A.B. asks: 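I'd like to ask some things about the structure below.
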Amino acid sequence: MQRMSSDALAARVAKDIPEGAYVNLGIGLPTRIANYLEAGGDYFLHSENGILGMGPTPPDEEIDWDLINAGKQPVTLLAGGCFFHHGDSFSMMRGGHIDICVLGAYQVSEKGDLANWHTGAPDAIPAVGGAMDLAIGAKQVFVMMNLLSKSGESKLVKECTYPLTGLACVSRVYSDLAVFDLGPDGARVTEMVEGVTLDKLRELTGLDLKLAD
Amino acid sequence: MQRMSSDALAARVAKDIPEGAYVNLGIGLPTRIANYLEAGGDYFLHSENGILGMGPTPPDEEIDWDLINAGKQPVTLLAGGCFFHHGDSFSMMRGGHIDICVLGAYQVSEKGDLANWHTGAPDAIPAVGGAMDLAIGAKQVFVMMNLLSKSGESKLVKECTYPLTGLACVSRVYSDLAVFDLGPDGARVTEMVEGVTLDKLRELTGLDLKLAD
Amino acid sequence: MIDKSVPTLKEAVADLFDGAAIMIGGFGEAGVPAELIDAVVDHGAGDLTIISNNAGTGDVGIAALIKANKVRKIVASYPRMAGSIYFEERYRAGELELELVPQGNMACRIQAAGSGLGAVFTPTGYGTMLAEGKETREIDGKHYVLEYPIHADFALIKAYKSDRWGNLTYRKAARNFGPIMAMAGKKTIVQVEEIDPLGTIDPEVVVTPGIFVDRVVCVPHKTKAAA
Amino acid sequence: MIDKSVPTLKEAVADLFDGAAIMIGGFGEAGVPAELIDAVVDHGAGDLTIISNNAGTGDVGIAALIKANKVRKIVASYPRMAGSIYFEERYRAGELELELVPQGNMACRIQAAGSGLGAVFTPTGYGTMLAEGKETREIDGKHYVLEYPIHADFALIKAYKSDRWGNLTYRKAARNFGPIMAMAGKKTIVQVEEIDPLGTIDPEVVVTPGIFVDRVVCVPHKTKAAA
């Protein structure tokens, strides 16, 4: 059984982002998706700290610390990009103006509940940032993650045991083994990596998975 | 008994507006107050359609119909003025950022209730504009009016009979016969035009008026 | 390549439909998308709900829509202006529903729609007939009325400059309701005086980011005679 | 003549007081009014409530205030960053209260304060532990949490240019919380890189109108070494 690499997975997600989409790529792995969007196409990357039309990382000598992304890393602005304040930026999210948001996750339930901000550890210092706003606002919320945690447990679950970020908000999970559509009727497998079977996915997740039509 | 002219009344109100105040002058008579603010002083005139730093009426040849006040009359912009959208403009009012708002009125109650948007006539087509927002938002709401209506009835009343614009929102009434401070304990006379007496004002208004300390 | 500009007013409003709720920018005549409204008249869609501060005057703009019997309901703060004859006539005849909203509540309800809020407690209108029947609440000693978002299928607005991504700037007090309606319309259609190359509008001075704009049509400025 | 500029950072924060609630702009390090925060440390006011997206790192800024034991409570969305040692230490010791707020709810609660709204129904956080104990409501089939305004005695922000009336522009993503905190602070104190003559800032590009600004102090830009 072959797992997709993070880059292959990023490229796979990128294929489902149409030109002209307004997209927020979450901190961490999802930012890599930007590298695989079709060259020369117009994609509108949103950063919740007040940027639309984010461009790639600048060379060191052009770094401007007033121009950073939500992960506090230096970025650039495309021609046609613009700046706005936090109120307007979160109105874009909460108001349903972002087409696609791609997030990482600790757990996703088969109905689309998301847990990605808190491990639930009693001594953890909580920090939520924009996670909850992103989870509920975009027209489509995609999760990009490995199907299994480092300790081998499925991160696609019946019910999340970690503290929730949002309810029934994730529409699709792109994992290193398969792609799942989520909804009120549970998870449906839409794609599998070569060598993976529905039975294998059922075994790994413990879920009554179905194939998509 | 001498009544103040509208211009004298406007000049009287202007005396109570300190330099540096953010002021909204209502449509109609109150706009005349601008003519009596101290020359050379910095006064910030707000117009609810998105202007701060409004200047005087332009000469005909400089009229720009994209630069009008809330009464839809052409105005100018002072150096240091700026434009903003309706959301921000009404946040300035509702959020308590305007220091003084001066309005006209059909009736004001001795406790400061204001009626200035609707005559109550059953066949009137209602139109409220920004009247209710102005009434409740400014730090101080002044009313500028003749004490008596054209038919001779007091416009300063025990309870408004016209539909209300706002409750307990007017702090002071500048009338052609006297100036009144309003509050939970009723109206107090702070100034009278020469020849007017407290008894005369009581007779005209039918209110148990007191002199201010 | 994404280009939100369309060549004609007709194409700009092609997907209007009967029963649509349409926000129309402008205060007095400043910022009124007059040519877009003409295109709505030409389109012929009816049973419309119009959300706009004023209800038009004379024979043009919203007044022309009312005259043509295309409007079922108006949501406005100040529908009655000198010369609003068709509005007055239809309203008195009971053929036109009016929802009268204080101007600032109109602004914040439009903002609530654009920002995804479910409802807001606003102090404006408390204790007046415009709050009759509405939920109220005392918060920290002050009284508020619960007001709900005003949504719209379309927002028609007038801006000054655009680029092909729909970034907008406005001109003076013609800005008024434009930026907030652009955020609230499911589809936002804009008439502008110029469409400039991408990157020529300073990113610091964009007032409406293109994310809020679906279609842009260029209507060059006509010099208007002083009234 | 009205001139909101003050010559020194010390004068800019002279009226702070023990127990004050202070909003501090910035996201990461962009837009953080670092020199104003230093002036708060020097001022010595304590028992403060700090409302800011982050809680500072290292020995500077908000971290310095925490280190000096001047902070009673923090309202933030992301207090824990790499290097937030003093925050972690005091928080774990139970000496620092934390109100954790989703970033967008923080923004809209700050906006509610600046705009005079009593409360808003927001969808963010519904069904999560950050909404526990809060009033909820279903509106048109969607679930919302009732959130109240965040008020502050002072807002300390960093902008780019100002004039003597306090009109502000910002620089790139350093804008972030500045404009909305400026509207919410009872007193808004701004550090800017330049104070320009009145009339030199284009009225179309003012981001924060001077009405929201009480004091401006010029802190020229220091070139910062890349991290």
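Since the structure is predicted, the reported quantities are computational estimates derived from the model, not experimental observations. Side chains are part of it too, since the values below use all heavy atoms of this structure and drop only hydrogens, waters and symmetry mates. Chain identifiers are assigned alphabetically (A, B, ...) following the order of the sequence lines, protein sequences preceding nucleic acid strands; residue numbering begins at 1 within each chain.
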A.B. asks: Might you point out which heavy atoms bring B:I68 and C:A30 nearest each other, and give the distance in Å?
C.D. replies: CD1-CB, 4.0 Å

A.B. asks: What heavy-atom pair brings B:V128 and C:L130 nearest, and what distance separates the two atoms?
C.D. replies: CG1-CD1, 3.9 Å

A.B. asks: Walk me through whether B:D133 and C:N105 qualify under side chain to side chain contact (heavy atoms under 4.5 Å, CB included).
C.D. replies: CA-CA 8 Å; B:D133 309 276; C:N105 283 357; 4.2 Å; yes

A.B. asks: Find out whether C:F27 and B:S89 are in side-chain contact, i.e. whether some heavy atom of one side chain is under 4.5 Å from a heavy atom of the other.
C.D. replies: no

A.B. asks: Counting N and O atoms only, with roles assigned by atom type, does the side chain of B:R94 sit under 3.5 Å from a partner on the main chain of C:P123, one being a donor and the other an acceptor?
C.D. replies: no

A.B. asks: If you measure from CZ on B:F90 to OG1 on C:T122, what distance do you get to the nearest 0.5 Å?
C.D. replies: 11.0 Å

A.B. asks: Please name the pair of heavy atoms, one in C:K172 and one in B:D64, separated by the smallest distance, quoted to 0.1 Å.
C.D. replies: NZ-OD2, 3.1 Å

A.B. asks: Given 3.5 Å as the limit, does a donor-acceptor pair link the side chain of C:R171 with the main chain of B:L67, or not?
C.D. replies: no

A.B. asks: Looking at B:I125 and C:R80, what are the two nearest heavy atoms and their distance?
C.D. replies: O-NH1, 2.8 Å

A.B. asks: Examine whether an atom of C:A173 lies under 4.5 Å from a heavy atom of chain B, and if so say whether it belongs to the side chain, the backbone or both; otherwise answer neither.
C.D. replies: both

A.B. asks: Looking at B:K158, I want to see if its NZ is surrounded by more than 12 non-hydrogen atoms of other residues, nucleotides or ligands under 6.0 Å.
C.D. replies: no

A.B. asks: Can you tell me which portion of C:V207 sits under 4.5 Å from chain B's heavy atoms? Options are side chain, backbone, both or neither.
C.D. replies: neither

A.B. asks: Parallel under 30°, tilted from 30 to 60°, perpendicular over 60°: which one fits the rings of B:H86 and C:F177?
C.D. replies: parallel

A.B. asks: Which pair of non-hydrogen atoms, one from B:M132 and one from C:P102, has the smallest distance, and what is that distance?
C.D. replies: SD-CG, 3.7 Å

A.B. asks: Does atom CG of B:D213 have more than 12 heavy-atom neighbours from other groups under 6.0 Å away?
C.D. replies: no

A.B. asks: Just so I understand: if I count every heavy-atom pair under 4.5 Å between each of C:I180, C:L100, C:V101, C:I110 and chain B, which residue has the most?
C.D. replies: C:L100

A.B. asks: Between C:L98 and chain B, which part of the residue has a heavy atom less than 4.5 Å away: side chain, backbone, both or neither?
C.D. replies: side chain

A.B. asks: I'd like to verify something: which residue of B:G87, B:G129, B:G71 has the highest number of heavy-atom pairs under 4.5 Å with chain C?
C.D. replies: B:G129

A.B. asks: B:I51 versus chain C, heavy atoms under 4.5 Å apart: side chain, backbone, both or neither?
C.D. replies: side chain

A.B. asks: Quick test of your reading of the model: are C:R175 and B:D66 salt-bridged, counting only N-O distances below 4.0 Å?
C.D. replies: no

A.B. asks: Let's test your reading of the structure: which of C:M106, C:R92, C:E88, C:K142 forms the most heavy-atom pairs below 4.5 Å with chain B?
C.D. replies: C:R92

A.B. asks: Could you tell me which portion of B:S47 (side chain, backbone, both or neither) has an atom closer than 4.5 angstrom to a non-hydrogen atom of chain C?
C.D. replies: neither

A.B. asks: Quick check for you: to the nearest 0.5 Å, what is the distance between B:M93 atom CE and C:T124 atom OG1?
C.D. replies: 9.0 Å

A.B. asks: Can you tell me which of B:P163, B:G50, B:G130, B:P126 forms the most heavy-atom pairs within a distance under 4.5 Å of chain C?
C.D. replies: B:P126

A.B. asks: At a heavy-atom distance under 4.5 Å, which candidate from C:Y91, C:F87, C:Y170 has the highest pair count against chain B?
C.D. replies: C:Y91

A.B. asks: Would B:H85 and C:Q111 satisfy side chain to side chain contact (heavy atoms under 4.5 Å, CB included), going step by step from the backbone distance to the final call?
C.D. replies: CA-CA 11 Å; B:H85 63 55; C:Q111 289 185 291; 3.8 Å; yes

A.B. asks: Answer yes or no: does atom NZ of B:K15 have more than 12 heavy-atom neighbours from other residues, nucleotides or ligands under 6.0 Å?
C.D. replies: no

